[in-house]
Amino acid sequence: MLVQSIGTSYQHPKSNLRALPSFKAAIPKPLPTEAVQLRMGNNLYELGFNLKTLACKTPEDFRNLFLSLRDLTNQLGEMAGFSVKHRTPRMVQTDAYYVSSNFYIHQDAKDHSVYQIAFRRDYLPWMKDMGVNPENSKLIFHGLQDIIEDVLHDPITREEIDDADKLYSTARNGWRFKWDRGMWERILYENNGIIPIKIEALPDGSTVFPNEPVIQVTAEDGYGELAAWFETRLLQVWAASERASMLRHWLDYNINMIRETSDSNLTEQEIIAKAQKMLVDFSDRSSMCPQESERMGKASMTVFPIQSTMAAVYNASLDNNGVIPGSIAMPSLPHRVIESYENENDAFEALYNYTKGGLGSYVVDCYNSQHAVKEYILPLALKALKENKELGINTVINARPDSGDPFDEVKYILDLAVENGLYREIKTRDGRTLKGMTVLKALQADGMNFKKMMDINNRLIDAGYSPADCLSYGVGGYLHDAISRSNMSAACKAAEFGKGERKRDVMKCPIGTPEKESIPGEVKVVRELNSTAPTVRALDEEGKNAYIVWYDGINGPGIMYKENFSDVQRRVLYDFDKYKKPEHIFSDEIMNKKLAVRELHHGKQD
């Protein structure tokens, strides 16, 4: 087994060779028969011969050879006792009512369909908690890239179709459950397994406004139902979008607070950088599955780039040319490490020596928080002050109370630091003099939410402290609990059916519930600086379409567009305040279309 540590790998004491992974964990299976081995060998030889003789003349030839080799390798692995990672067939990655609807939906919808996804809620609960101005209730669109790569990256395979068929053949709902296997086989044979839909959407990290369609999906030529097939997967973009939106508004709160309570000579860039250090995502334990940890952690990093969830850091780096687009949270003393020492102070000393010259988080409430701060943490801080001057380093101790009253515990740490001269005076823009800490600060992460953090900040300011120069926050469970699809009112609705003369706009327009109305017809979304003009317009109206084609399996090879994560971060950071919320989202032409559909189904209204 290969054991990794910092800068080293395990070596057997009797060998100069690096230790190799052990494969003895495979489930024992009998040796395949000679006939099976010969058949598999012939298949491998044939594939190798095709490569050796340069038989692949097109990208499609090479892709098909790869898929055949992958399937063959998986079969060999299973024979050897290794389990191949399970992959849910795309034919079942949908809601049940899409599976059979191709048998009874109108032919127009099969010929050509357009669907749109929008976030319909204008003012979200956490906006009220933060005191966000309703005129500024904008959102961030984020997370589509991961969904497309997860669902649409690979062409479909015969194996997937067969696996789905096994499931549907046993399904009963008072009668045999029918599904359109033939449609998927047509994709396999006529489109090289590439799912024939087109996904247009705004760039990742874009600022969006409520009711704008952030995604528009098209399918045609008998595949119209596929435009809706992946609705449930694509709709899941709401989660990463709401996490990024919530934190982007929280960043604005911190920026505004720092402008008023920190050094008056800070540049705007320094203010932003300082604000981005005020919160660290501690939500890994609150996630319901590994995928949530990775994707929601990445969403946090679009705004606050210091991250504690290592899987999120890794996946963000994969989208950033292997470079971490931010930083890993500071080394920390958890309670279990303190408990491993007979003397609590020995644990503090160990972390101090490990983090000398940098930051460390010292949890202080394992036994008695105020005793630990006064008797152990303060002496370390005084030691750090002395060593920083002598060695030219910058050791900073962050005392973390994890129980007790959140404000009182923080203030005790700061007051003790002031009593011992571990602070500096800060002149604010409005002429006040506030205190900022030097080598002893606080990290508060005990059940934090926006209301609690705002209360602590306000009370610290009243007590003469500059929050951004005294403490930072870790937020865990609240980041998971505060978001929901209901908050965003995220929905996918049909917009257009039919081709040529049969093309028509469609719209959901329930009587008495106007907030659930959808958008008729294929549209574009326009971004114009210093404008409050409508942003959702018909295709023939003026204005450059902000949509990009993310995926095209109709006229393209599938995935068409990928974002570099640092570009997403810049877009989230700098475009958020660039565009004004329009007075009306929909253009007059769109509103006339809505009226026409409404009158068609409701009759003319007075």
Side-chain angles (χ1 to χ4, degrees), residues 93-95 98 115-130 132 137-152 199-217 227-250 281 283 286-303 312 315 477-495 508 515-519 525 535-536 546-547 550-551 563 568 571-572 576 585:
Q93 292 192 41
T94 190
D95 193 284
Y98 287 125
Y115 289 80
Q116 297 158 348
I117 289 177
F119 308 139
R120 300 176 299 185
R121 186 65 48 77
D122 192 61
Y123 198 70
L124 281 67
W126 45 262
M127 291 182 177
K128 182 178 180 181
D129 291 346
M130 285 187 214
V132 174
S137 60
K138 46 196 172 184
L139 303 167
I140 295 294
F141 173 65
H142 172 64
L144 180 60
Q145 183 161 302
D146 282 334
I147 295 173
I148 288 179
E149 288 190 354
D150 186 44
V151 178
L152 299 171
I199 300 175
E200 299 173 280
L202 294 168
D204 197 351
S206 292
T207 298
V208 300
F209 302 103
N211 288 303
E212 287 183 334
V214 292
I215 300 173
Q216 188 163 253
V217 188
W229 189 273
F230 296 106
E231 172 200 340
T232 54
R233 290 292 179 266
L234 294 174
L235 262 180
Q236 290 167 357
V237 77
W238 74 261
S241 295
E242 186 173 4
R243 171 72 69 87
S245 301
M246 181 170 67
L247 291 181
R248 185 59 184 80
H249 280 282
W250 183 243
D281 179 352
S283 66
S286 304
S287 297
M288 293 185 290
C289 63
Q291 190 179 57
E292 181 182 347
S293 290
E294 294 174 5
R295 295 187 180 179
M296 295 301 99
K298 283 173 64 177
S300 296
M301 291 183 72
T302 64
V303 186
N315 278 271
Y478 181 74
L479 293 180
H480 168 85
D481 299 340
I483 66 173
S484 74
R485 182 190 163 214
S486 298
N487 282 355
M488 299 280 273
S489 187
C492 177
K493 300 299 177 186
K508 176 180 178 179
E515 66 271 15
K516 287 197 171 186
E517 278 195 356
S518 56
I519 306 166
V525 175
T535 56
V536 181
Y547 283 149
W550 281 78
Y551 179 92
E563 285 271 19
V568 176
R571 193 174 290 124
V572 170
F576 193 64
I585 290 290

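We count residues from 1, following the sequence as given.
If you take CD1 on I483 and OH on Y478, they are separated by 10.5 Å, rounding to the nearest 0.5 Å. Once rounded to the nearest 0.5 Å, the distance linking CZ of R248 with OG1 of T302 reads 9.5 Å. Interatomic distance, E149 CD to L144 CG, rounded to the nearest 0.5 Å: 10.0 Å.
Smallest separation of non-hydrogen atoms from L124 and N487: CG-O, 3.5 Å. When every heavy atom of D122 is checked against every heavy atom of M127, the shortest pair comes out as O-SD, 4.4 Å. Considering every non-hydrogen atom in both V217 and A227, the closest pair reads CG1-O, 3.6 Å. When every heavy atom of K516 is checked against every heavy atom of K508, the shortest pair comes out as O-CD, 3.8 Å.
Without hydrogens or angle criteria, S241 side chain to H142 main chain gives a donor-acceptor distance under 3.5 Å. Panel note: side chain W550, backbone L202; a donor-acceptor pair is recorded below 3.5 Å. Put simply, the side chain of E231 never gets that close to the backbone of A228: no donor and acceptor are under 3.5 Å apart. Between the T94 side chain and the W229 main chain, a donor and an acceptor come within less than 3.5 Å of each other.
Using cut-offs of 30° and 60° for the angle between ring planes, the H249 and F576 rings count as perpendicular.
Side-chain contact check for M488 versus L139: some heavy-atom pair is nearer than 4.5 Å.
Look at R233 and D150 and you find no salt bridge, because none of the NZ, NE, NH1 or NH2 atoms lies under 4.0 Å from a carboxylate O.
Side-chain contact of S300 with R243: a donor-acceptor pair under 3.5 Å is present, judged by distance alone.
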